[in-house]
Peer 1: 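One structure, pasted below without further comment.
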There are 2 protein chains.
Amino acid sequence: MSTREKARTGARPHHAGPEELVQTAAMARRFYLEGKSKIEIAAEFGISRFKVARMLETALRDGLIRLDIRLPPELDAERSDALRTRYGLRHAIVFTSQVQDPGGAALVTHRLGAVAAGLLAEIVTEDDVLGLIWGPEIEALSPELTALARCTVVQLCGVTPLRPVDANAVEAVRRAAAVSRGVAYPIYAPLLLPDGATARMLRRHPGIVEAVSRFSEVTKAVITVGAWGPGLSTIYDALGDAERENYRSLGTCAEVSGHLLDAEGRIVAPELTERIIAISFEELRRVPDVILLADGAQRAAATAAALKTGLFNGIVTDTGVAEYLLA
Amino acid sequence: MSTREKARTGARPHHAGPEELVQTAAMARRFYLEGKSKIEIAAEFGISRFKVARMLETALRDGLIRLDIRLPPELDAERSDALRTRYGLRHAIVFTSQVQDPGGAALVTHRLGAVAAGLLAEIVTEDDVLGLIWGPEIEALSPELTALARCTVVQLCGVTPLRPVDANAVEAVRRAAAVSRGVAYPIYAPLLLPDGATARMLRRHPGIVEAVSRFSEVTKAVITVGAWGPGLSTIYDALGDAERENYRSLGTCAEVSGHLLDAEGRIVAPELTERIIAISFEELRRVPDVILLADGAQRAAATAAALKTGLFNGIVTDTGVAEYLLA
DNA sequence: GCGCACGGTGCCCAAATGAGCAGAAAGAGG
DNA sequence: CCTCTTTCTGCTCATTTGGGCACCGTGCGC
């Protein structure tokens with residue numbers, strides 16, 4: 001009889017008959033949903049296990065059987081995976097953003113905060129020392145942080161209390177520590193100081209040294225990336241017009257933890273590094289997990305530059321930036 | 001590190017974090033769509049293959065991964081499978097019907113014909129001898145038959161040329177043979193005769209004996225089931241009121257190949273069997289594949305009775321009847 | 001009319017997989 | 001603070017699975 005089976009499968013586009021369709025459907029359910037083995041299925045239908053395998057195979061290939069992966073709609077599995085693979089990251093989460101909405105930047109940041117908070121709740125363990133940079137993204141993250149293992153939280157840089165909302169700048173670190181019931185090490189100092197001497201002095205100041213001396217113990221750091229433009233970088237906003245232009249002319253493309261980077265991820269202005277209170281790249285490089293928060297198409301190029309530093313093994317970003325990074 | 005993984009999976013409802021979600025999604029795609037092995041996936045993600053297996057398992061169980069089977073909408077995979085399993089059939093095809101539509105009986109019969117034609121195109125091979133009963137369902141089947149292996153076609157019973165449409169009663173057999181380019185053996189005789197003697201004589205009539213003598217060679221038979229009511233059975237329609245009532249009072253519930261059956265599938269009126277020209281149950285029992293066509297809720301109980309004969313190893317029916325059979 | 005290529009089938013063997021098991025860590029409760 | 005329970009993890013072994021191979025029948029072209 002098997003020799004005659006061919007008669008019905010000979011046609012090239014393979015007009016599957018109703019029998020084969022329902023049989024394939026039944027076999028698919030047996031195999032994928034009920035977990036039966038192909039040998040069992042073969043016995044049930046009186047065919048060889050090879051035929052079962054081939055039927056499922058072709059059914060999957062021809063789209064008769066389709067399996068879709070249901071994620072919360074805000075997560076973009078495909079780009080997350082692509083990003084992770086492309087940049088060799090350990091954590092890569094892309095959330096969906098409406099690129100068209102220009103006024104929605106704050107909204108995007110808000111969603112970034114929610115997603116990042118979820119990530120922290122997930123990956124931070126009791127043994128971790130969590131380091132948080134300061135910035136608008138962290139401020140968006142903070143209120144979304146509802147669960148966190150009991151860990152130590154260290155602030156990784158000073159603040160720039162320029163805007164009213166920044167009054168509670170260190171609130172993020174305090175809240176994270178509160179949620180985790182762990183110890184907090186905030187930094188009550190500006191991010192950028194007039195000169196290196198002042199910065200060096202402050203770094204040794206009691207209370208600040210408390211935090212700074214723990215930079216080396218951080219096991220998971222959350223870092224944001226700024227672009228060189230108004231409202232896109234805490235450093236940019238803290239500088240005067242002359243310096244802004246100066247650094248722009250030097251090719252500044254991104255700002256990471258107070259460090260200015262060109263498009264290749266190289267530090268542009270070492271002298272500025274002296275004037276900041278923030279975790280250094282050397283220290284960051286020793287942190288096992290460094291996660292980059294990057295939202296908004298305006299920071300796309302900056303994000304690409306930041307990734308080129310090789311400091312990061314994790315990223316949380318939106319569809320728009322992900323598209324740019326994958327292009 | 002693995003010792004700490006638990007922290008994130010400890011919560012019972014398992015609030016999956018974004019990291020785990022996208023990672024599971026990526027793994028599912030690797031495994032199900034790209035065909036990677038779990039060992040490969042485990043290596044890629046730096047976890048054990050067991051964890052990969054468990055993650056996919058739970059994802060499948062929790063509905064994160066969903067597999068849907070895309071069938072032509074007229075086919076009901078679930079009920080087909082249920083019917084096949086429940087009644088131990090080899091072929092079971094349920095097509096969707098709108099039970100609510102009373103005037104749609106003809107439409108349902110039409111769809112039954114199309115599906116059954118598809119089934120025949122699929123399972124009939126060159127070595128088969130196809131036997132067709134006569135009835136409205138077969139008439140609906142006939143025009144839908146557009147492909148068929150080169151097989152011999154035998155008509156399995158006489159006809160009841162009561163209605164105008166029946167004028168071309170044997171057309172079904174002729175058309176099937178034409179499509180298959182095989183030999184046809186029609187029966188130009190009535191299904192029901194006044195007495196057994198006439199029937200016996202006709203069975204030996206040249207031209208009729210041609211077909212009748214081939215009943216034993218049939219390898220695939222297509223049989224319909226009638227209910228005991230007007231327009232639901234060729235035999236019922238051919239009898240007078242007195243006989244109709246007589247057989248009804250004897251518990252007649254179904255009619256199969258001219259034989260009257262009670263609700264348990266037992267032959268009610270052996271004397272009537274003498275008066276018909278149709279394949280007998282004994283002959284049918286020797287046919288490897290006997291497929292029952294049953295459409296319309298009015299024939300549901302009759303179909304159940306027919307299946308109790310144990311003659312059938314295949315069925316084509318609509319949702320309504322299938323529901324009844326599975327209830 | 002005949003050979004040839006082809007698609008389908010089943011089998012062999014190596015790789016992949018699943019079930020059950022033991023150890024260990026986290027959380028609850030005393 | 002300690003212990004018990006629960007749950008997760010990774011391992012071993014038996015089973016399952018898929019790729020490559022040979023066979024067979026068919027349809028096609030010469």
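Order of the sequence lines fixes the chain letters, A, B, ..., with proteins taken first and strands second; residue numbering starts at 1 for each chain. Values in this document were obtained by computation on a predicted structure and should not be read as measured data.
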Peer 1: How many whole angstroms separate atom CD of B/Glu57 from atom C1' of D/dC8?
Peer 2: 13 Å
Peer 1: With no hydrogens and no angle check, is any side-chain donor or acceptor of B/Glu283 less than 3.5 Å from a backbone partner on B/Phe215?
Peer 2: no
Peer 1: How long is the line joining CZ of A/Arg49 and C1' of C/dG8, in whole Å?
Peer 2: 16 Å
Peer 1: I'd like a table of donor-acceptor pairs (distance under 3.5 Å, sequence neighbours excluded) in which one partner is a side-chain atom from residues 67-78 of chain A, with atom names and distances.
Peer 2:
residue, atom, partner, partner atom, Å
A/Asp76, OD1, A/Glu78, N, 3.3
A/Asp76, OD1, A/Arg79, N, 3.0
A/Asp76, OD2, A/Arg79, NH1, 2.3

Peer 1: Quick check on D/dG10: is either OP1 or OP2 less than 4.0 Å from any side-chain nitrogen or oxygen of B/Ser48?
Peer 2: yes
Peer 1: In whole Å, I'd like the distance from the CD atom of B/Glu40 to the C1' atom of D/dG19.
Peer 2: 14 Å
Peer 1: Check for a donor-acceptor pair, side chain of A/Glu122 on one end and backbone N or O of B/Glu19 on the other, with a separation under 3.5 Å.
Peer 2: yes
Peer 1: Please report the shortest heavy-atom distance between A/Cys151 and A/Asp128, naming the atom on each side.
Peer 2: CB-O, 3.2 Å
Peer 1: What pairs of nitrogen or oxygen atoms, one from the protein and one from nucleotides 20-23 of chain C, lie under 3.5 Å apart?
Peer 2:
none

Peer 1: Short question: side chain of B/Arg86, backbone of B/Leu326 - any donor-acceptor pair under 3.5 Å?
Peer 2: yes
Peer 1: Between atom NZ in A/Lys38 and atom C1' in D/dG19, what is the gap in whole Å?
Peer 2: 12 Å
Peer 1: NZ of A/Lys51 versus P of D/dT17: gap in Å, rounded?
Peer 2: 17 Å
Peer 1: Verify, without hydrogens or angle tests, whether A/Glu144 (side chain) and A/Gly113 (backbone) share a donor-acceptor contact under 3.5 angstrom.
Peer 2: no
Peer 1: State which residues pass side-chain hydrogen bond (donor to acceptor under 3.5 Å, both in side chains) with B/Asp289; sequence neighbours excluded, sorted by chain then number.
Peer 2: B/His91, B/Asn313
Peer 1: What residues in residues 25-37 of chain A put a non-hydrogen atom under 4.0 Å from any atom of DNA chain D?
Peer 2: A/Phe31, A/Ser37
Peer 1: With sequence neighbours excluded, what pairs up with B/Arg30 under the salt bridge (charged side-chain N to carboxylate O under 4.0 Å, His left out) test?
Peer 2: A/Asp81, B/Glu34, B/Glu44
Peer 1: Distance check needed: C/dG10 P versus A/Ile47 CD1, whole Å only.
Peer 2: 8 Å
Peer 1: Going by salt bridge (charged side-chain N to carboxylate O under 4.0 Å, His left out), name the residues that satisfy it together with A/Glu217, two or more places apart in sequence or in a different chain.
Peer 2: none
Peer 1: Roughly, in whole Å, what's the span from CD1 in B/Ile39 to P in D/dT16?
Peer 2: 18 Å
